[in-house]
Amino acid sequence: MAFPAVPLLAALLLVAATRLWDYVFVRLVWRPYAITKGFREQGIHGPSYRFFKGCNEEIRSMKEKTDGLVLDVGDHKYLPRIAPHYLEWRAQYGEPFLYWYGAQARICIFDYELARQILSSKSGHFVKNDAHPTLLALVGKGLGFMEGSDWVRHRRVINPAFTIDKLKHGSYKLGKQVFEAQTELLGITMATFLDVPIPGSKYLPTQANRRKWMLETKLKSLLTRIIQPRLASGEHGNDLLGVMLDSCTETKQGGKQQQVDRLRLSLSMEEIIHECKLFFFAGHENTALLLTWSVYLLSIYPEWQERLRKEVLREFGRDAPNPNALNRLKEMTMVLFETLRLYSPALFMQRKTLADMTVGPIKLPKGTAIVIPIPIMHRDKQAWGDDADEFSPMRFANGITGAAKVPHGLLAFSMGPRSCIGQNLSMLEAKSTLALMLRKFSFALSPDYVHAPVDLFTLKPKFGLPVILRPLDNVLI
Ligand code: HEM
C-alpha cells in the first residue's frame, strides 16, 4: 500500500524544488542581474540590487535621516523629507534611474512626455502596480485597482453618480467608524511598507495580520450595515451608493442572482462593498487634505485669504453656495490648483508593464514598475518656471493648460482614462467648505504649528494643522 506514495512524494518534491529554484535563482538572482544589464546597455543606471531586499533598506535609512527635518513655516521645499531617495538617486544617476523594491525593478521617470504616454496609453499594457496587501484591504479591489473589461464596466456604472444632483451624504456615524478602521489599516500599511513580503506570509497569523483581518471584517460589516437599510426599504437613493445598488444583480428579481452578461452594466454585492471602501477612503482623505493645505497656504498668505473672502462675498453675499456660483469663483479655483501643485495629496503614481514595452527611447521588460513622482514633477523648473517652489496662484489665471509649459503639467488628479473620477466633486466640496469658512472666520496658523509634510501614502502635515479661527464682524451666514 505504501509503494504508490513514493513516486507521488518524489513528484511533489520535484515540483517544490522547481518552484524554489524558480523563486530563488530566477526571480531573486538571475532576473535582477539580466534586467540591470539590459538597462545599463540603454544608459540607465541606479543603486545596486541587493539579494531579496532590493533597495528597501537604503530607502528606509535615507527616510529615517530626513524624517527629523523641520521646515520654516512658508518654506515649500519639503521634497527631501518625503522623497530623499529619489532626489539623491536622480542627482547621482541622472534620469530616469532604475531601483529595486525587493526583487521588482522600478524605473523612476521625471519627464512629462513619458508620463503622458504611459498615463494616456490605451494599450492595456500599462496596468496599476501590485498593491501592498494591507492597502488592498483598506481601499478594496474596486475601480482603482481593476483592469480591462471589469474596469470599463465599473467605471460606466459609477460615472453617472458624479453628476452634481447625485452628490449627497450617507450615514455619518457608521461612516466615521469606517474612516477609523481605514486609518488604522493605513497605519499598518505604512509601518510595513518597506518590508519585502516573503511569499505566503500574508496568510501567517502574525500580530499585524490578525489585526488586519479583524479590521477587514469590521469594515465589511460596517459597510453592510450602511447598505442593508437601503436594500430593505427598496429605496436605493439617488447618490453613488444608490446608482451602484440599482445596477446590482443580486437586488433584482426578489433577491435572486440573475444570469447576466459580465460586460453589461451590473455590479455584484461583493463588488459594491469593494467600491464603497475605495470611495470612503478616496472621497474623504484626499479632499480633506486639499482643504488642509489650502487653509495652511491661505493662513501664511493673508493677502490671498482676503482676496478670496472678497470674491466669495461678491459672488454669494448671504446666499448659500450653489454649484453654479461656485464655478464662478475664479480666484479660489486658482488657489486650489496652486495648492494641488505645491501640496498634492497624491504622491507617487505607479504602473507596471504587462508585456515588453517601449516608451520614448526606453525599452521596459515585462513586469517593470514605473514610478511617476507627482510632487517632484510639480517643481520642475523647465515646466513651471523659476518660481516653481513659490506659491503663485496667478500662474493658473488662464486655467490649467496655460499654467505650465506642458499642457498636462498639473498631475494631482492624474490624466488619461484612469484619471480621478472624483475631481469635480472634490473641487466643489473644497470650494463650498472654503467659501463658508471665509465668510464666517479669518484664520491664522497657531504658533504651535510645526511645518513637516510627511508621506503617509498621501501628503499629510506630520503634527496636524492647528489654526486659530477669529469670527468676523458682521458675519454673513
Ligand atoms: C483632492 C482630491 C483628490 C485627489 C488629489 C485625487 C487624486 C487621484 C489620483 C492622482 C488618481 C489616479 C491614481 C492612479 O492612477 O494611480 C485618482 C484616482 C481615483 N480617484 Fe481621486 N482624488 C481626489 C478625490 C477623489 C474623490 C472625492 C473621489 C471619490 C469620491 C475619488 C475617487 C477616485 C477613484 C475611484 C479613482 C480611480 C479611478 C480609476 O482608476 O478609474 N478621488 N485620484
Side-chain angles (χ1 to χ4, degrees), residues 115-116 118-122 124 126-132 135 139-164 166-170 175 178-179 182 239-241 243-244 267 271-272 274-295 333 335-352 369-375 377-378 400 408 410-434 457-460:
R116 187 194 67 75
I118 291 163
L119 294 173
S120 58
S121 165
K122 294 194 175 137
F126 292 106
V127 296
K128 295 280 175 97
N129 194 18
D130 313 324
H132 187 288
L135 188 66
V139 293
K141 295 177 205 101
L143 196 57
F145 289 99
M146 291 186 148
E147 301 298 337
S149 57
D150 276 339
W151 173 76
V152 172
R153 179 168 53 91
H154 279 239
R155 185 110 189 187
R156 281 202 192 139
V157 169
I158 289 165
N159 253 335
F162 283 86
T163 53
I164 282 160
K166 298 225 167 55
L167 305 177
K168 294 190 183 155
H169 296 281
V178 171
F179 296 139
Q182 288 185 318
D239 55 8
L240 170 62
L241 182 55
V243 167
M244 292 197 286
L267 300 180
E271 288 175 323
I272 292 178
H274 280 289
E275 290 301 354
C276 285
K277 288 187 192 174
L278 174 62
F279 281 103
F280 259 97
F281 182 74
H284 172 254
E285 169 100 352
N286 286 326
T287 312
L289 287 170
L290 169 57
L291 271 166
T292 303
W293 292 118
S294 307
V295 167
T333 309
V335 167
L336 288 173
F337 284 157
E338 183 66 341
T339 308
L340 285 168
R341 186 186 70 84
L342 279 178
Y343 290 86
S344 168
L347 294 173
F348 308 108
M349 281 190 286
Q350 292 182 17
R351 295 292 184 270
K352 186 178 78 171
I370 302 141
V371 178
I372 303 173
I374 301 176
M377 293 174 71
H378 279 179
I400 291 184
H408 46 274
L410 191 69
L411 290 173
F413 292 115
S414 186
M415 62 173 300
R418 302 299 298 255
S419 66
C420 179
I421 200 171
Q423 52 189 297
N424 293 334
L425 165 63
S426 66
M427 288 297 284
L428 268 186
E429 284 179 327
K431 282 183 198 172
S432 55
T433 314
L434 270 186
F457 183 59
T458 46
L459 186 73
K460 297 200 173 76

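Residues take their numbers from the sequence shown, with the count starting at 1. Just so you know, ligand 1 is whichever comes first in the structure, and atom 1 is the first atom listed for that ligand. Side chains are part of it too, since the values below use all heavy atoms of this structure and drop only hydrogens, waters and symmetry mates.
- Between the side chain of His274 and the backbone N or O of Gly140, no donor-acceptor pair lies under 3.5 Å.
- In this structure, Phe179 and His284 have parallel ring planes: the angle between them is below the 30° cut-off, well short of the 60° mark.
- For the residue pair Ile118 and Arg351, the shortest heavy atom distance occurs at CG2-CG, 3.9 Å.
- At the top of the distance list for atom 29 (C) of ligand 1, counting protein heavy atoms only, stands Phe279 CD2, 3.4 Å.
- Atoms CE and CG, on Met427 and Leu290 in that order, are 7.0 Å from each other to the nearest 0.5 Å.
- Counting protein heavy atoms only, atom 15 (O) of ligand 1 is closest to Arg351 NH2, 2.7 Å.
- Here the heavy atom of the protein found nearest to atom 40 (O) of ligand 1 is Arg418 NE, 2.9 Å.
- Inside a sphere of radius 2.8 Å centred on atom 21 (Fe) of ligand 1, the protein N/O/S atoms present are Cys420 SG.
- Taking a cut-off of under 4.0 Å to the non-hydrogen atoms of Thr287, the atoms of ligand 1 that pass are 2 (C), 27 (C).
- Aromatic ring orientation, Phe162 versus Phe279: tilted (interplanar angle from 30° to 60°).
- The shell of residues lying under 4.0 angstrom from ligand 1, judged by heavy atoms, excludes Glu429.
- In this structure, Arg418 and Arg155 have side chains that are not in contact, with every pair of non-hydrogen atoms separated by 4.5 Å or more.
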Item to check | Test log, rule side-chain contact (heavy atoms from CB on, under 4.5 Å), inputs Phe413 and Leu340 | outcome: CA-CA 9 Å; Phe413 292 115; Leu340 285 168; 3.5 Å; yes

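- Every atom of ligand 1 with a heavy atom of Leu425 under 4.0 Å away is listed here by number and element: 30 (C).
- When only non-hydrogen protein atoms are considered, atom 13 (C) of ligand 1 lies nearest to Met349 SD, 4.1 Å.
- Between Pro375 and Leu347 the shortest heavy-atom distance is CD-O, 3.0 Å.
- Interface atoms of ligand 1 facing Lys128, defined by a heavy-atom separation under 4.0 Å, are 14 (C), 15 (O), 16 (O), 40 (O).
- Among protein heavy atoms, the minimum distance from atom 5 (C) of ligand 1 is reached at Ala412 O, 3.4 Å.
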Checklist entry - Can Ser414 and Leu119 be said to form a side-chain contact (heavy atoms from CB on, under 4.5 Å), step by step? => result CA-CA 8 Å; Ser414 186; Leu119 294 173; 3.9 Å; yes

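- Interface atoms of ligand 1 facing Trp151, defined by a heavy-atom separation under 4.0 Å, are 39 (C), 40 (O), 41 (O).
- Under the 4.0 angstrom criterion for non-hydrogen atoms, Phe162 is in contact with ligand 1.
- Side chain of Ser419 to main chain of Gly416: a donor-acceptor pair is present (N/O by atom type, distance under 3.5 Å, no hydrogens or angles).
- Taking every non-hydrogen atom of Arg155 and a distance limit under 4.0 Å, the qualifying atoms of ligand 1 come out as 38 (C), 39 (C), 41 (O).
- Under a 4.0 Å criterion applied to the non-hydrogen atoms of Leu278, ligand 1 contributes the atoms 35 (C).
- A salt bridge does not link Glu147 to Lys352: none of the charged nitrogens lies less than 4.0 Å from a carboxylate oxygen.
- The backbone N or O of His378 lies less than 3.5 Å from a partner atom in the side chain of Arg341, making a donor-acceptor pair.
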